[in-house]
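We number each residue from 1, following the sequence as shown.
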Amino acid sequence: MAGRGDPRAQLYITDHLAPGTSIRRRVRLTNTTGSTVRVTMYAGDATIGHGAFLGAAGRGRGEPSAWTSIAPAVSQLQAGGGATTTVTIRVPDSAAPGERYGIAWAEVRDAPGAGGGITQVSRVGIRLYISVGPGGAPAADFAIDSVRAERSADGLPMVVATVRNTGGRALDMNGTVALARGPGGLSAGPFPARLGTTLGIGDTERVTTFLDRQMPSGPWAARVTLRSGLLQRKAHATITFPGASGESSDHWIALAGALGLLLLLTAGMTHRRRRRAPLLTLPLINNQ
């Protein structure tokens, strides 16, 4: 299996194929609801733009969705139950070189009642990153061009890294920011970067890390560590967050001693908010 040790290969279907070849990937469906659901799976189209992976509504007609079949296409899942489906991608002999994007969707529809109403549709999916061409896969790479301190529109301090995709594959960015040598010798972090930034080939985008509102302005020695799969790059910069409206230096000094506790409480609140389970989970469990 190509990319066996790549974390992205455990979340997405990301492969390089020669024209005329095919792959199969097994996907596990899990029903986390308290009732039986009928799940329909199909391939859809997707694009990458403005730092986001964007799935189109409905069944796809482009590449690679037109090359993709899923069996079984329909599964009846009991409450708490699961099933395994197989996603097969067959690249035609005439396929041109390049990377294509799609999604293997799992969809549940709640039909309206006898008196009419709205049909509710819930979908989750697995991204498809399919590179086509002879030989080995194009090399993936990226560069961190700059690191800056900014504030959001509502005053939150944030560290913004400008990242450029210099390789031949799309990238999904994640990483951390650590701060050291701050006011009074403070250190803070590492803080996780906001997830969801996807860089198309040749694209440049911002990867943002939001910090606690009580963070002193600085200066700070910032260390940014960013990853996509097995790739990792680091950058260092001395930063100072722009002053917030009504900010007082005495106010920051008074709050510095409580900074660690505030950050801990904020992290705990974020963790609790993220525990809400989705309707379905679709881990990629095996590659053949």
* Tracing side-chain links under 4.5 Å among I, L, V, M, F, W and Y, which residues wind up in one group with Met158? -> Leu156, Val160, Phe210
* Asked: What distance separates Ile103 CD1 from Leu128 CG, expressed to the nearest 0.5 Å?
  -> 7.5 Å
* Among side-chain atoms of Thr225 and Arg227, is any donor-acceptor pair under 3.5 angstrom? -> no
* Rounded to the nearest 0.5 Å, how far apart are CG of Leu226 and CG of Leu171? -> 10.5 Å
* **Backbone of Gly133 reached by a side-chain donor or acceptor of His16 within 3.5 Å** => yes
* At their closest point, which heavy atom of Ala140 faces which heavy atom of Leu231, and how far apart are they? -> O-CD1, 3.3 Å
* Could you give all pairs that pass the side-chain hydrogen bond (donor to acceptor under 3.5 Å, both in side chains) test and reach residues 39-50, with sequence neighbours left out? -> Tyr42-Glu107, Tyr42-Arg123, Asp45-Ser65
* For the residue pair Ser75 and Thr85, what are the closest heavy atoms and their distance? -> OG-CG2, 4.1 Å
* Asked: What residues, two or more places apart in sequence or in another chain, satisfy side-chain contact (heavy atoms from CB on, under 4.5 Å) together with Pro190?
  -> Thr176, Ala178
* Results of side-chain contact (heavy atoms from CB on, under 4.5 Å) for Arg90 - residues two or more places apart only -> Ser22, Ser69, Thr88
* Asked: Is a side-chain donor-acceptor pair under 3.5 Å present for Thr240 with Ser217?
  -> no
* Asked: Any salt bridge (Lys or Arg N to Asp or Glu O under 4.0 Å) pairs touching residues 131-146, not counting sequence neighbours?
  -> Asp141-Arg233, Asp145-Arg164
* To do: Kindly compute the distance separating CZ (Phe142) from OG1 (Thr204), expressed to the nearest 0.5 Å.
  => 12.5 Å
* Structure fact -> Scanning both residues in full, the closest heavy-atom pair of Ala180 with Ser187 reads CA-OG, 3.8 Å
* Asked: Between Phe241 and Met215, is a side-chain contact (heavy atoms from CB on, under 4.5 Å) present by the stated rule, with each step listed?
  -> CA-CA 9 Å; Phe241 298 106; Met215 181 69 65; 4.0 Å; yes
* Side chain to side chain, Val108 and Val121, heavy atoms closer than 4.5 Å -> no
* Structure fact -> Correct closest heavy-atom pair for Ala43 and Ile70 would be N-CD1, 4.2 Å
* Asked: Above 12 or not: heavy atoms from other molecules or residues under 6.0 Å from CZ of Arg181?
  -> no
* What is the minimum heavy-atom distance between Val132 and Trp67, and which atoms define it? -> CG2-CZ3, 3.8 Å
* To do: Name all residues meeting the side-chain hydrogen bond (donor to acceptor under 3.5 Å, both in side chains) criterion together with Thr36; count only those two or more places apart in sequence or in a different chain, and write none if there are none.
  => Gln78
* Asked: Atom CZ in Arg26, atom OG1 in Thr84: separation rounded to 0.5 Å?
  -> 6.5 Å
Side-chain donor-acceptor pairs of residues 91-101 under 3.5 Å, sequence neighbours excluded:
residue	atom	partner	partner atom	Å
Glu99	OE1	Tyr101	OH	2.7
Glu99	OE1	Ala170	N	2.8
Glu99	OE2	Arg169	NE	2.3
Glu99	OE2	Arg169	NH2	3.0
Arg100	NE	Glu63	OE1	2.9
Arg100	NH1	Ala96	O	2.6
Arg100	NH1	Gly98	O	3.2
Arg100	NH2	Glu63	OE1	3.0
Arg100	NH2	Ala96	O	2.9

* To do: List the steps and the verdict of side-chain contact (heavy atoms from CB on, under 4.5 Å) for Thr208 and Val159.
  => CA-CA 6 Å; Thr208 303; Val159 178; over 6 Å; no
* Asked: If we only count heavy atoms from C-beta on, is the Leu54 to Ile48 side-chain gap below 4.5 Å?
  -> no
* Less than 4.5 Å apart, any side-chain heavy atom of Ile126 and any of Ile13? -> yes
* **Nearest non-hydrogen partners of Thr14 and Ala9, listed with the distance** => CG2-CA, 3.9 Å
* State whether a side-chain donor-acceptor pair under 3.5 Å links Arg24 with Thr86. => no
* **Validation row: Leu29, Leu77 side chains within 4.5 angstrom (heavy atoms)** => yes
* Any donor-acceptor N/O pair, Arg151 side chain to Gly155 backbone, under 3.5 Å -> yes
* **Residue list, side-chain contact (heavy atoms from CB on, under 4.5 Å) with Ala18, at least two apart or on another chain** => Thr21
* **Side chain to side chain, Val163 and Met173, heavy atoms closer than 4.5 Å** => yes
Got a list of side-chain donor-acceptor pairs under 3.5 Å for residues 191-202, not counting sequence neighbours?
residue	atom	partner	partner atom	Å
Thr198	OG1	Arg127	NH1	3.2
Thr198	OG1	Asp172	OD1	2.8

* Pairs involving residues 195-208, ordered by first then second residue, that meet salt bridge (Lys or Arg N to Asp or Glu O under 4.0 Å) (sequence neighbours left out) -> Glu150-Arg206
* Asked: For Ala237, what residues pass the side-chain contact (heavy atoms from CB on, under 4.5 Å) criterion, not counting sequence neighbours?
  -> Val147, Ile239
* If we only count heavy atoms from C-beta on, is the Phe53 to Tyr129 side-chain gap below 4.5 Å? -> yes
* Are any non-hydrogen side-chain atoms of Leu211 and Leu179 less than 4.5 angstrom apart? -> yes
